Number of protein chains: 2
Amino acid sequence: MPEKSDSDTFPASDAFAADLLRGHTDTIVMAVLSQGESYGFEIFKTIRMATGGDHEIKEATLYAAYRRLERDGLVESYWGDETQGGRRKYYRITDAGRAVFRGNVAAWITTRRIIDALLDVKDTTP
Amino acid sequence: MPEKSDSDTFPASDAFAADLLRGHTDTIVMAVLSQGESYGFEIFKTIRMATGGDHEIKEATLYAAYRRLERDGLVESYWGDETQGGRRKYYRITDAGRAVFRGNVAAWITTRRIIDALLDVKDTTP
DNA sequence: CTCCAGTACTTTATCTGTTACAGTACTGAA
DNA sequence: TTCAGTACTGTAACAGATAAAGTACTGGAG
């Protein structure tokens, strides 16, 4: 008889992909921006490449994050002076942003440990 | 002049603790139940101990998770026959639950890798 | 020349998990 | 008797994620 994998019978990640990165979006955007200035769509492409298509963060989610981060003074923005093509809004991380980013990375490491312990996940580093 | 730490000036984890575990609650509950049957409040205490007070998952969050898991057939419940004290609702993970749990742990490992890469977090294992 | 895919940004409505808060009910210790 | 702890439930509200749709430009394929 035909084999059925667990994931066929019990899809786990359909609705999950969303919530697994939830709460990390702002931190991820700040991580990209600590490497240097960038504009909205480029940040989107950078993250899409890093997540490899799967688990991708949607455009609308990111643009919402940009607004949130700017509202909280963690990033600053300015319009580029593109003469042709779509106008681009560039983002730059602020000092406050850098500080919060450092805190969030620390929080991630803590959270990571807690979940690893709860799920009894062994170290996966080769 | 008095020192001010980053966390004083820019509180990072006030609203975050909530969202960092978000999406993992169901998986964490199933992790506890794969160790054996348990009842609602006990699962709460187990998780509270593991998270060490910080980052704790609130009672209401867990009871919501129990209902969700039971609705989806991932856990089963029955009332204990306590003769005194509060009545206890016991939970048991189902085969479907075990399968989804395995998938979620795999998803967690993937997500973990992605976030580590994006945040450029090095391996923290001693 | 037209159509389409890609770039680039925006807005609105909706969904879901989390939580504050409140309530019920029992027990044992101060 | 009061309070802390055990044990469960329900409701309202919030915030982040996203589907969906729209605007506007560019370059290539047919």
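Just so it is clear, the structure is predicted and the values come from calculations on it, not from any experiment. Quick note on labels: first sequence line is chain A, next is B, and so on, each numbered from 1.
- When each of C/dT19, D/dC8, C/dC9 is scored by its nearest atom to the side-chain atoms of B/Arg88, the top-ranked nucleotide is D/dC8.
- From one end of the helix from C/dC1-D/dG30 to C/dA30-D/dT1 to the other, with five pairs defining each end axis, the axis direction shifts by 0° (rounded to 10°).
- In this structure, the side-chain hydrogen bond (donor to acceptor under 3.5 Å, both in side chains) partners of B/Tyr90, at least two apart in sequence or on a different chain, are B/Glu82.
- Side-chain atoms of B/Arg68 lie closest to C/dG17 of the nucleotides D/dA17, D/dC8, C/dG17.
- With sequence neighbours left out, B/Ser38 forms a side-chain hydrogen bond (donor to acceptor under 3.5 Å, both in side chains) with B/Glu42.
- Within the structure, salt bridge (Lys or Arg N to Asp or Glu O under 4.0 Å) pairs that include any residue of residues 64-76 of chain B comprise B/Asp26-B/Arg68, B/Glu76-B/Arg92 (at least two apart or interchain).
- Every residue two or more places apart in sequence or in another chain that forms a ring pair (Phe, Tyr, Trp, His ring centres under 6.0 Å) with B/Tyr63 is listed here: B/Tyr66.
- Listed candidates were D/dA17, C/dT18, D/dC8. Nearest to the side chain of B/Ala64 is C/dT18.
- The A/Arg67 side chain lies nearest to C/dT11 when the options are C/dC9, C/dT11, D/dA17.
- The nearest whole Å value for the distance from the CD1 atom in B/Ile47 to the P atom in C/dT19 is 12 Å.
- With sequence neighbours excluded, the residues satisfying side chain to side chain contact (heavy atoms under 4.5 Å, CB included) with B/Val105 are A/Leu119, A/Val121, B/Phe101, B/Ile109.
- Residues satisfying the ring pair (Phe, Tyr, Trp, His ring centres under 6.0 Å) test with A/Phe44, not counting sequence neighbours, are A/Phe41.
- Regarding contacts with the backbone of D/dA20, every side-chain N or O of A/Lys58 stays at 4.0 angstrom or more from both OP1 and OP2.
- For A/Arg22, whose side chain is taken as the heavy atoms from C-beta onward, the closest listed nucleotide among C/dC9, D/dC8, D/dG16 is D/dG16.
- Nearest nucleotide to the side chain of B/Ala60, out of C/dA20, C/dT11, C/dT18: C/dA20.
- Contacts classified as salt bridge (Lys or Arg N to Asp or Glu O under 4.0 Å) and involving residues 27-36 of chain B (residues at least two apart or in different chains) are not found.
- The nearest pair of heavy atoms linking A/Leu20 to B/Ala107 is CD1-CB, 3.9 Å.
- Contact check of residues 32-41 of chain A against DNA chain C (heavy atom, cut-off under 4.0 Å) returns A/Tyr39, A/Gly40, A/Phe41.
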